[in-house]
Visitor: 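Handing you this structure, nothing more for now.
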Amino acid sequence: MGTEKIYKTMNSAGKFNLIVGICVVIVGTLSCLCGAFMIVHGVKLLERKKEILF
C-alpha cells in the first residue's frame, strides 16, 4: 500500500513540474532557464519512479 502511494506522489509531482515548466517557458523568455530545469526534473521523476525498490 505504501509503495503505491509513493508512485502516485512521484507521478503527480512529475506531471506538475512538467506543466508548470511549460507554462513558465511560455510566459517569459527570461524564465526559460527555470522552466527548462522544471521540465527536466519532472521527466526525471516520472522516469525514475520505476527504479524504487522496497
Visitor: By side-chain contact (heavy atoms from CB on, under 4.5 Å), which residues pair with Val40, not counting sequence neighbours?
Guide: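 Applying side-chain contact (heavy atoms from CB on, under 4.5 Å) to Val40 gives Lys44.
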Visitor: How long is the straight-line distance from NE2 of His41 back to CZ of Arg48, given to the nearest 0.5 Å?
Guide: 10.0 Å
Visitor: Run the side-chain contact (heavy atoms from CB on, under 4.5 Å) test against Phe16 and tell me which residues pass, sequence neighbours left out.
Guide: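 Listed in chain order: Val20.
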Visitor: Considering residues at least two apart in sequence or located in another chain, which fulfil the side-chain contact (heavy atoms from CB on, under 4.5 Å) criterion with Ile22?
Guide: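 Ile26, Ile39.
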Visitor: What verdict does the side-chain contact (heavy atoms from CB on, under 4.5 Å) test give for Leu46 and Leu18, after you've listed the backbone C-alpha separation in whole Å, the side-chain angles of each residue and the deciding distance to 0.1 Å?
Guide: CA-CA 10 Å; Leu46 293 175; Leu18 286 173; 3.5 Å; yes
Visitor: Working to the nearest 0.5 angstrom, can you tell me the gap between Glu4 CD and Asn11 CG?
Guide: 11.5 Å
Visitor: Where do Leu45 and Gly14 come nearest, in terms of heavy atoms and distance?
Guide: CD1-N, 3.9 Å
